[in-house]
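Naming: A, B, ... by sequence-line order, numbering from 1 per chain. All heavy atoms count here, side chains included; hydrogens, waters and symmetry mates do not.
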Amino acid sequence: MTTNLDKPPHFIQQIINADLAANRVDKIITRFPPEPNGFLHIGHAKSICLNFGLAEQYGGICNLRFDDTNPEKEDQAFVDAITADVKWLGFEWEGDACYASSYFTQLYEWAMYLVTKNKAYVCELNAEQMRAYRGTLTEVGTDSPFRDRAASESLMLLDKMKIGEIDEGAMTLRAKIDMSSANINLRDPVLYRIKKISHQRTGDTWNIYPSYDFAHGQEDAIEGVTHSICTLEFAANRPLYDWFVAHLPVPSEPKQYEFGRLNLNYTVTSKRKLKLLVDEKHVAGWDDPRMPTISGLRRRGVSAQAIRNFCDSLAVAKTDGTVDVAQFEHFIRDDLNVNAKRAMCVIKPVLVRLTNTSDITLSTITAPNHPNNELMGHRNIPFSEQIFIDRADFTEDTSLSRKKFKRLVIGDYVRLRGGYIIRADEVIKDNAGAITEILASVVPNTVGKDAPEGIRPRGVIHWVDAKTAKNCRVNLYDRLFSVADPDAGEGHFLEYLNPQSLIKVTGCKVESDLALAVPGDYYQFEREGYFTRDICSDDELVFNCTIGLRDSWKA
RNA sequence: UGGGGCGUCGCCAAGUGGUUAAGGCAACGGGUUUUGAUCCCGUCAUUCGGAGGUUCGACUCCUCCCGCCCCAGCCA
C-alpha cells in the first residue's frame with residue numbers, strides 16, 4: 001500500500017496554504033464541473049480526486065456541478081451516469097448537485113447589467129463574419145459595426161433573442177472588451193447565443209443559452225468557490241474569467257488555477273473520441289469493459305480504491321505528460337492483490353482422471369481465500385477422481401527442464417493447488433490426435449503436507465473438480481489500441497483499434513460456488529488474474545478479466 | 001507567426017542558490033513461497049533541453065537559442 005502522507009504539497013496546495021496563511025480565505029470550496037454530454041473517464045477521476053480531495057484535506061466542501069449550458073449535446077442520462085460514477089468512486093457532496101441551469105436567470109440579469117454599463121452589445125454578425133472580424137493569431141481584429149449601438153437598443157434586442165423572436169445564428173450578445181487583444185479570447189467574446197432547443201432541466205423557458213466563458217466564473221462566484229481548478233487548456237480563458245468577476249456584482253471572487261490533465265498511453269481520454277467509439281459501435285457502450293470510462297473500469301473489475309490510489313499517485317503540476325498505463329495497472333493489481341478472494345477457474349480445460357481412487361481419501365478440500373490473510377477465511381472445494389486442469393499446464397514434451405516448465409509432464413509430479421500431489425501417467429487421444437484426457441495418480445496423503453521424500457513436484461497448478469464445476473464464459477481483454485499514442489500517427493485514431501481487444505472464451509470451468517458471484521465481487525483466479533462477474537443481463541455465468549497477474553516467466 | 005504554458009532517469013515526478021539530484025512505475029539481478037503471484041533485498045541520472053553569463057557555489061538567478069503543448073466554436 002502506498003501512503004501520501006509525506007508527499008510534499010503540490011502547487012495548488014501551496015497556493016491554498018498561502019491563501020489560508022494570509023487570511024484571503026477561511027474555508028476552501030472547490031467544485032467538480034462536468035458537462036453532462038458523456039460519461040466520466042479516468043481523466044475526470046484525477047480531477048474528482050483532486051477537487052474532492054482538497055476539500056477533504058482542508059475541511060472544506062466540494063460541489064458536484066453540472067455545467068449544462070449547451071442543451072444541444074446534453075442529456076439527463078449523462079447526469080444520472082455521472083452522479084452514479086462520482087458516488088461509486090466514494091465521494092460525497094453537500095446537499096444536492098448544482099447546475100449551471102439553476103443560475104440562468106441570474107446570469108441573464110448580469111448580461112443586462114453589462115449592456116447597461118456599456119460592456120456588452122447585441123451583435124448581428126453571422127458566424128463567418130465574426131470569424132473574419134476576429135483577426136488571427138498575428139493580426140488584430142476589427143470592431144463589429146454593431147459595437148457602438150445604444151445600450152437601450154441592445155437591451156431590446158437581447159429581450160427579443162430571449163423570447164424567441166430572433167432566428168438562431170442571427171444575433172449574439174458579446175462582451176465589449178478589446179478587438180486588438182493579443183489574447184484572442186478577449187476579442188469581444190460571445191456571452192449568449194440563440195438555441196431554440198429545449199433543455200433537459202429548463203425545458204423551453206430559454207431560447208438563448210450562456211457560453212462557457214460567461215457562465216463558469218459566475219457559477220463559481222455564486223457558489224462561493226474559492227479555488228476553481230481546471231485543466232491547462234483553459235489558461236487562455238483565465239483573463240476573461242477574471243474580467244467577468246471584476247465587472248459584475250458577483251458575491252465572491254473565485255480564482256482559477258490550471259493543472260495538467262491526465263494522458264495515458266494506449267488509451268484515448270477525450271469525451272469526443274470515446275463518444276465516437278460508442279456511436280460507431282466499436283465498443284458495446286460507454287460501460288464496455290475496454291473503455292477508460294469510470295463505468296467501463298467498474299464493469300471490468302477495477303475497484304474504486306484502485307482508481308483513487310492511482311489518481312493520488314499522479315502529480316498535480318503544469319506539465320502535460322503521458323502516464324504509462326503500467327502505472328495504472330500497478331495500482332489495480334496492488335489493490336486487488338490485497339482485497340480479492342482467491343478462487344480457481346480453468347480457462348482451457350482438459351480432463352484429468354485420477355486412477356488410484358482408493359488413495360483419494362478426501363472429497364472436499366479446504367483452501368484459504370487468501371494466502372496471506374487468515375481473516376478472509378476458508379472455503380471447501382469439492383474434489384473427486386475427475387478434475388480439469390488447463391491445457392497449457394500439460395505438455396507431452398518431456399525434454400523441458402523443471403525450471404523451464406514447472407507444470408505437468410508424463411512421469412513427473414505436480415502439486416494441485418491446495419490439494420494432492422499428482423503424477424501424470426498416460427495421455428489418451430482421439431482419432432485426430434487431440435488429447436481427450438490425461439491419466440494420473442495421486443500421491444497419497446499429500447494434502448496440506450510437504451512432498452514425501454524423493455518426490456519433487458515441478459510446480460503448482462490450479463484445477464477444478466469436474467463433477468461439480470460450473471461452466472462459464474471468460475472475457476479476456478487486451479488494450480483497446482495497439483499503439484501507445486493512437487493520436488500521433490498519420491491515420492485516424494480508429495485505425496489503431498486492436499482487433500484482439502476482446503476474446504470471449506466459452507467452456508471454462510469454475511468452482512461451483514462462483515455461480516453465486518455478483519458484479520463488484522473481486523476474485524483472483526489463481527495463476528490467471530483478477531476477475532469479476534459481468535453485469536450482462538442473461539443467465540449465463542460470465543467473468544471479465546480485469547487484469548492478468550504479473551508474469552515474469554521468460555519462456 | 002501574436003499571446004499563454006511547459007522542458008530533471010524509458011514513463012510520472014520531488015527539488016524554490018550549498019542535498020551523495022527524493023520517491024513511484026518499468027527494467028534487471030538475488031532470496032522466500034503449495035499462485036512462474038505476493039513479499040523481501042539489491043542495481044538503475046557525476047547530471048538536470050542547449051550555449052553562454054552572474055556567484056566561493058546554479059537543476060535552482062540572468063541572457064540567447066532549441067523543442068513540445070494550448071488559444072483564431074454562436075463547444076466545454
For B/A22 versus B/C69, give the span between their P atoms, rounded off to a whole number of Å.
-> 31 Å
Salt-bridge contact A/Glu74-A/Arg201 (side-chain N to carboxylate O under 4.0 Å) | no
Distance, P atom - from B/A58 to B/G52, rounded to whole angstrom = 14 Å
Quick one: label A/Gln524 by what it contacts on the DNA or RNA (base, sugar-phosphate, nothing), any heavy atom closer than 4.0 Å.
-> base
A/Arg174 charged N/C atom sitting above A/Tyr121 aromatic ring, 6.0 Å / 45° = no
Provide the distance between the two P atoms, one in B/U8 and one in B/G49, to the nearest whole Å.
-> 6 Å
Looking for any heavy atom pair under 4.0 Å, which part of the strands does A/Asn183 touch: base, sugar-phosphate only, or nothing?
-> nothing
From CG of A/Leu137 across to P of B/G3 the rounded distance in Å is 11 Å
For A/Arg134, report the nucleic acid contact type (base, sugar-phosphate, nothing); a contact means any heavy atom under 4.0 Å.
-> sugar-phosphate
When we call it a touch if two heavy atoms are under 4.0 Å apart, what does A/Asp213 touch: a base, just sugar-phosphate, or nothing?
-> nothing
Considering only atom P, compute the distance from B/U16 to B/U55 and round it to an integer number of Å.
-> 23 Å
What orientation do A/Phe493 and A/Phe481 show, parallel under 30°, tilted 30 to 60°, or perpendicular over 60°?
-> tilted
Ignoring backbone atoms, establish whether A/Arg131 has a side-chain N or O less than 4.0 Å from OP1 or OP2 of B/G73.
-> yes
Distance flag, aromatic centroids of A/Tyr241 and A/Phe234, threshold under 6.0 Å = no
Which one of A/Tyr523, A/Phe525, A/Tyr522 satisfies the ring pair (Phe, Tyr, Trp, His ring centres under 6.0 Å) criterion with A/Phe531?
-> A/Phe525
Test the A/Lys162-A/Tyr108 pair against the cation-pi criterion, namely NZ or CZ under 6.0 angstrom from the six-membered ring centroid and within 45° of the ring axis.
-> yes
Side-chain-base donor-acceptor pair under 3.5 Å for A/Glu528 and B/U35 = no
Would you list the protein and nucleotides 13-16 of chain B atom pairs, both N or O, that sit under 3.5 Å from each other?
unit_1: B/A13; atom_1: OP1; unit_2: A/Thr319; atom_2: OG1; d: 2.5
unit_1: B/U16; atom_1: O4; unit_2: A/Gln14; atom_2: OE1; d: 2.9
unit_1: B/U16; atom_1: O4; unit_2: A/Gln14; atom_2: NE2; d: 2.9

Classify the glycosidic conformation of B/G73 as syn or anti, calling it syn when the angle lies within 90° of 0.
-> syn
Could you tell me how the ring of A/Phe328 sits relative to the ring of A/Phe310: parallel (under 30°), tilted (30 to 60°) or perpendicular (over 60°)?
-> tilted
Is there a donor and acceptor pair, one atom on the side chain of A/Arg550 and one on the base of B/G36, closer than 3.5 Å?
-> no
Who pairs with B/G67 - Watson-Crick or G-U, where each distance is under 3.5 Å | B/C6
Could you check whether A/Arg187 gets within reach of a base, just the sugar-phosphate, or nothing at all, counting any heavy atom under 4.0 Å?
-> nothing
Result for side-chain hydrogen bond (donor to acceptor under 3.5 Å, both in side chains) between A/Asp412 and one of A/Arg458, A/Arg423, A/Arg456 points to A/Arg458
Listed partners of A/Arg407 passing salt bridge (charged side-chain N to carboxylate O under 4.0 Å, His left out), at least two apart | A/Asp393
Ring centroids of A/Tyr212 and B/A76 base under 5.5 Å with planes under 30° = no
Taking atom P in both B/C25 and B/A13, compute the distance separating them and give it to the nearest angstrom.
-> 16 Å
When all nucleic acid strands are considered with a 4.0 Å heavy-atom cut-off, which category describes A/Val325: base, sugar-phosphate, or nothing?
-> nothing
What interatomic distance, in whole Å, is found between C1' of B/C61 and the corresponding atom of B/C48?
-> 16 Å
Using a cut-off of 4.0 Å on non-hydrogen atoms, how would the nucleic acid contact of A/Gly529 be classed: base, sugar-phosphate, or nothing?
-> nothing
When both distances are under 3.5 Å in a Watson-Crick or G-U wobble arrangement, the nucleotide paired with B/C48 is none
Taking only heavy atoms on the protein side, list every residue of residues 260-272 of chain A lying under 4.0 Å from any atom of RNA chain B, sorted numerically.
-> none
Roughly how many Å is it from CG in A/Leu173 to P in B/C74, rounded to a whole number?
-> 13 Å
Answer yes if the side chains of A/Gln327 and A/Glu329 hold a donor-acceptor pair under 3.5 Å, and no otherwise.
-> no
A/His44 versus A/Lys271: any side-chain heavy-atom pair under 4.5 Å?
-> yes
Checking all strands, does A/Arg174 fall into the base, sugar-phosphate, or nothing category for heavy-atom contacts under 4.0 angstrom?
-> nothing
Opposite nucleotide pairing with B/A27, Watson-Crick or G-U, both atom distances under 3.5 Å | B/U43
Want to settle it: does A/Gly459 or A/Gly135 sit nearer the 5' end of RNA chain B, counting the closest nucleotide to each?
-> A/Gly459
A/Cys98 versus A/Tyr103: any side-chain heavy-atom pair under 4.5 Å?
-> yes
Rounded off to whole Å, could you give me the NE2-to-C1' distance for the A/His378 and B/U34 pair?
-> 14 Å
Which base sits across from B/C61 as a Watson-Crick or G-U pair, both distances under 3.5 Å?
-> B/G53
Pick base, sugar-phosphate or nothing for A/Thr69, based on heavy-atom distances below 4.0 Å to the nucleic acid.
-> sugar-phosphate
May I ask you to say what A/Lys406 touches in the nucleic acid, namely base, sugar-phosphate or nothing, with a heavy-atom cut-off under 4.0 Å?
-> base
Is any side-chain N or O of A/Arg415 under 3.5 Å from a base N or O of B/U34, one able to act as donor and the other as acceptor?
-> yes
Kindly say if A/Ser552 contacts the phosphate of B/A37, meaning a side-chain N or O under 4.0 Å from OP1 or OP2.
-> yes
Starting at the 5' end of RNA chain B, which residue's closest nucleotide do you reach first, A/His370 or A/Val190?
-> A/His370
Which whole-number value in Å describes the distance from A/His462 NE2 to B/A37 C1'?
-> 12 Å
What's the CZ-P distance between A/Phe11 and B/G5, to the nearest Å?
-> 12 Å
A/Lys404 side-chain N/O to B/G36 phosphate OP1/OP2 under 4.0 Å = no
At under 4.0 Å between heavy atoms, what does A/Pro239 touch on the DNA or RNA strands: base, sugar-phosphate, or nothing?
-> nothing
With a non-hydrogen cut-off below 4.0 angstrom, is A/Ser180 in contact with a base, only sugar-phosphate, or nothing?
-> nothing
Rounded to whole Å, CD of A/Glu35 lies from P of B/G73 at a distance of 18 Å
Give A/Leu336 one of three labels, base, sugar-phosphate or nothing, depending on what nucleic acid heavy atoms sit under 4.0 Å from its own.
-> nothing
Single hit among A/Tyr209, A/Trp206, A/Phe214, A/Tyr212 for ring pair (Phe, Tyr, Trp, His ring centres under 6.0 Å) with A/Tyr192 | A/Phe214
Whole-Å C1' distance, B/A26 and B/C66 = 29 Å
Interatomic distance at P, B/C62 relative to B/G5, whole Å = 15 Å
From CG of A/Asp167 across to P of B/C74 the rounded distance in Å is 18 Å
A/Phe104 vs A/His199, ring-ring contact (aromatic ring centres under 6.0 Å, His included): CA-CA, chis, key distance, verdict | CA-CA 12 Å; A/Phe104 280 175; A/His199 184 285; 5.6 Å; yes
Distance, rounded to the nearest Å, where A/Phe328 contributes CZ and B/G24 contributes C1' = 16 Å
